[in-house]
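Encoded as structure tokens, the structure appears first; notes follow it.
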There are 2 protein chains.
Amino acid sequence: MLTDIRIKGIFLLGYRFPKTVANKRNKFIKKMVMAMKVTIADVASKAGVSKTTVSRVLNGNFSHTTEATKQRILNAAKELDYSPNALAKSLKSMKTNIIGMVLSNLKNPFWTTVLEGVEDTCRELGYNLMICNSNEDPTVEEQFIKEFQMRQVDGIVLHPTAQNNHIYQKLADSKLPLVFINRRVGDLSALNVVMDNVKGAKTAVDHLLKNGREKVAVVLYDNRFVSPWRERKEGYQKALLANNFMPEDFLVLEVDQQKGNVKKETIQFLKENPEIDAIFSTNNMLTMEVIEAIKEMGLEIPVDIGIVSYDETVWARHLTPPLTTIWQPGYEMGRLAARNLINSIEDPSFQTGQTIILEPQLIVRESCGNIKSKV
Amino acid sequence: MLTDIRIKGIFLLGYRFPKTVANKRNKFIKKMVMAMKVTIADVASKAGVSKTTVSRVLNGNFSHTTEATKQRILNAAKELDYSPNALAKSLKSMKTNIIGMVLSNLKNPFWTTVLEGVEDTCRELGYNLMICNSNEDPTVEEQFIKEFQMRQVDGIVLHPTAQNNHIYQKLADSKLPLVFINRRVGDLSALNVVMDNVKGAKTAVDHLLKNGREKVAVVLYDNRFVSPWRERKEGYQKALLANNFMPEDFLVLEVDQQKGNVKKETIQFLKENPEIDAIFSTNNMLTMEVIEAIKEMGLEIPVDIGIVSYDETVWARHLTPPLTTIWQPGYEMGRLAARNLINSIEDPSFQTGQTIILEPQLIVRESCGNIKSKV
DNA sequence: GTGAAAGCGCTAACAA
DNA sequence: TTGTTAGCGCTTTCAC
């Protein structure tokens with residue numbers, strides 16, 4: 001009794017026992033907690049039936065059970081506040097109903113939208129979501145994939161760094177349902193849900209050209225490993241070529257986003273190429289810097305320089321002038337990825353290896369029109 | 001052989017078997033997959049030792065093991081590409097190393113920052129993160145909490161809807177480590193990591209007042225269940241009272257964000273109170289609408305109306321004029337929540353029931369200065 | 001230094 | 001209609 005109180009007192013004060021004593025205490029506490037956990041056996045004995053029957057009833061297999069026993073069991077479960085242990089269930093059934101998702105960048109609001117799509121779909125379909133953030137680091141990505149495998153997730157949604165082909169291959173071979181999003185990883189028996197980046201880029205540049213721009217530059221971020229990078233560049237080039245420009249006319253600025261001097265680089269670039277009258281910016285984070293650069297040079301949008309930016313954002317329409325953007329169906333991408341993944345989890349004969357391509361859309365605002373009439 | 005090829009052919013074509021046949025196939029596939037899974041027993045037999053020894057070695061208990069056997073085991077594990085089953089491990093040890101997090105709003109970039117803090121910390125400390133989104137729905141919140149309990153997560157980070165006090169109480173009583181973030185839920189033996197919203201609001205309004213504003217209004221979002229709502233309102237009132245204003249001078253607009261006509265309501269409000277020369281906006285989403293409203297009325301920021309907004313965002317400095325904001329340490333909040341939660345998981349005597357309060361900061365830009373000189 | 005055996009909480013084939 | 005029993009893959013006493 002005394003000990004009890006003393007322990008409790010110390011406990012309340014948050015006192016830390018010396019290691020060994022603390023360990024003993026912890027073990028003791030653990031044991032107590034475990035003893036308090038109510039299992040299916042407790043429900044069974046309380047209801048006076050076997051564990052099997054309880055399991056059956058609780059899983060909705062009433063078909064061969066008396067209404068009376070069913071009620072007894074349900075009551076017992078409620079009274080004991082029984083909550084089944086998903087771990088044990090999963091260990092037995094080899095099904096966790098968990099989906100693992102590897103993101104590479106939490107900062108960009110685009111990914112929040114995607115995440116929302118995945119999360120919503122998981123919930124609707126009875127899955128839980130485990131997420132982690134590779135931060136574009138292939139080593140971290142690899143570690144997380146292993147982690148997911150150990151945890152026996154039912155499937156993985158992966159925004160690949162695209163620098164771990166060996167791992168992706170192994171993963172696909174392991175038959176663990178897998179879907180790549182946003183970035184293409186070809187030739188694997190895995191689902192792909194991606195955007196049509198060539199089209200998006202082409203649309204953007206076409207729009208600039210149609211508005212009378214004659215020297216359209218592209219500002220590219222710095223990840224040439226990934227398909228959207230290649231495709232947006234390609235789209236830019238295609239648009240120019242289709243409008244009778246030559247490869248010599250390509251005006252490409254590749255910036256290192258990590259370094260944080262995008263603005264400086266842009267100013268430099270614009271000074272070296274004063275003929276530029278339009279910029280296609282390939283992502284929303286870049287765009288902010290580009291706009292700053294333009295303003296800092298005393299140029300005006302859209303009069304001096306028109307701009308179209310990839311990625312619609314909440315703030316695009318509130319900028320001055322309101323920004324013309326390429327919107328991508330991020331939420332849809334998330335939903336489709338999750339839904340298809342779950343399909344292939346629940347039906348192993350579900351068609352795998354297919355690629356779903358989503359269409360971006362041009363949202364016209366005021367950052368391209370009203371070009372300064374040339375002399 | 002023939003069957004094999006046929007099945008394979010159909011499989012590749014994504015043909016769906018009739019239900020019963022499909023079930024048989026799936027069961028077959030499942031069995032094959034399970035047979036292929038390499039367990040600790042496989043490693044043991046390959047290395048010619050018992051499971052016990054393998055377990056010991058793989059968990060770093062070399063102390064009583066020959067270097068030779070250790071190597072044999074390590075090699076066997078590598079050759080078989082053995083990956084331990086975390087489910088079984090957890091079932092036995094009653095420890096999942098999973099933290100569950102309930103968010104209420106994925107759309108607001110503030111939460112992405114918090115999530116990042118939590119995620120980073122979990123990774124560093126060897127935990128995985130399971131997230132879900134209550135969308136401010138208490139029923140969903142309740143369901144997710146139950147889900148987490150069934151999954152035996154080691155702890156929960158909760159952004160409470162604040163409408164489930166009964167559940168919170170039960171959760172706290174269950175001794176499952178728990179931390180509330182951002183919104184206070186008092187009197188429970190759970191950690192709280194929150195912001196000083198009174199101070200943030202007071203700072204914002206003080207700033208407006210110091211810049212010569214005389215009629216400062218507040219635009220409040222519509223969730224009066226939650227502590228930040230009360231505290232921001234309180235901060236606004238305190239600031240006015242401390243500057244010799246009377247309660248009659250309070251100018252409060254409460255808007256229903258869901259309905260989506262914040263802009264309209266704001267315009268209405270401004271028309272009814274034309275003397276207003278400053279607005280304190282209580283969250284970043286609201287602010288956009290308020291700014292639109294002001295612009296639409298032909299008023300100019302900051303000349304006619306000054307504005308300070310809660311929540312710093314990437315776009316605040318790019319607006320015209322650049323927005324003065326209250327920055328909140330969201331990333332820090334995430335980190336602290338996770339770190340303290342994990343502390344209390346790993347040391348049950350860790351002080352519980354404490355509240356950590358983080359300080360917001362005023363970021364001064366140009367949306368308050370240059371007031372129109374009054375006649 | 002190593003292994004046999006029990007058991008974490010649950011499900012499901014097979015009996016009764 | 002219900003119960004017995006044998007595991008799922010792992011850790012951990014307790015022997016040897």
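Note that the coordinates shown come from a computational prediction; the quantities given were computed from them, not determined experimentally.
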Under 4.0 angstrom between [X] side-chain N/O and [N] OP1 or OP2:
{"X": "Thr39(A)", "N": "dG9(C)", "value": "no"}
{"X": "Asn85(A)", "N": "dC8(C)", "value": "no"}
{"X": "Lys89(A)", "N": "dT11(C)", "value": "yes"}
{"X": "Thr66(A)", "N": "dT2(D)", "value": "yes"}

Shortest side-chain distance from [X], nucleotide among [options]:
{"X": "Ser50(A)", "options": "dC10(D), dT4(D), dG1(C)", "value": "dT4(D)"}
{"X": "Thr69(B)", "options": "dG9(C), dT2(C), dC10(D)", "value": "dT2(C)"}
{"X": "Ile40(B)", "options": "dG3(D), dT2(D), dT11(D)", "value": "dT11(D)"}
{"X": "Lys92(B)", "options": "dG3(C), dT11(D), dC8(D)", "value": "dT11(D)"}
{"X": "Lys51(B)", "options": "dC8(C), dT2(C), dC10(D)", "value": "dC10(D)"}

Can you tell me the distance, in whole Å, between the [atom1] atom of [X] and the [atom2] atom of [N]?
{"X": "Met94(B)", "N": "dT12(D)", "atom1": "CE", "atom2": "C1'", "result": "16 Å"}
{"X": "Leu87(B)", "N": "dG9(C)", "atom1": "CG", "atom2": "C1'", "result": "12 Å"}
{"X": "Asn59(B)", "N": "dT12(D)", "atom1": "CG", "atom2": "P", "result": "8 Å"}
{"X": "Leu91(A)", "N": "dC10(D)", "atom1": "CG", "atom2": "P", "result": "9 Å"}
{"X": "Arg151(A)", "N": "dG9(D)", "atom1": "CZ", "atom2": "P", "result": "18 Å"}
{"X": "Leu58(A)", "N": "dC10(C)", "atom1": "CG", "atom2": "C1'", "result": "11 Å"}
{"X": "Asn61(A)", "N": "dA13(C)", "atom1": "CG", "atom2": "P", "result": "11 Å"}
{"X": "Gln152(B)", "N": "dC10(C)", "atom1": "CD", "atom2": "C1'", "result": "12 Å"}

Regarding [X] and [Y], is there a side-chain donor-to-acceptor distance under 3.5 Å anywhere?
{"X": "Asp173(B)", "Y": "Gln169(B)", "result": "yes"}
{"X": "Gln149(B)", "Y": "Ser83(A)", "result": "no"}
{"X": "Ser55(B)", "Y": "Thr52(B)", "result": "no"}

Under 3.5 Å, is there an N or O donor on one side and an acceptor on the other linking the side chain of [X] and the base of [N]?
{"X": "Thr52(A)", "N": "dT4(D)", "result": "yes"}
{"X": "Arg56(B)", "N": "dG1(C)", "result": "no"}
{"X": "Ser55(A)", "N": "dA12(C)", "result": "no"}

Look at all strands and tell whether Tyr82(B) reaches a base, only sugar-phosphate, or nothing, counting heavy atoms closer than 4.0 Å. sugar-phosphate
Could you check if a side-chain atom of Lys46(B) sits within less than 4.5 angstrom of a side-chain atom of Leu80(B), using non-hydrogen atoms only? yes
Would a 4.5 Å heavy-atom cut-off, applied to side chains only, mark Glu116(B) and Asn133(A) as touching? yes
Walk me through it: do Thr139(A) and Gln143(A) pass the test side-chain contact (heavy atoms from CB on, under 4.5 Å)? CA-CA 6 Å; Thr139(A) 319; Gln143(A) 195 213 316; over 6 Å; no
When Ala88(B) and Thr65(B) are each assigned the nearest nucleotide of DNA chain C, the 5'-most assignment goes to Thr65(B)
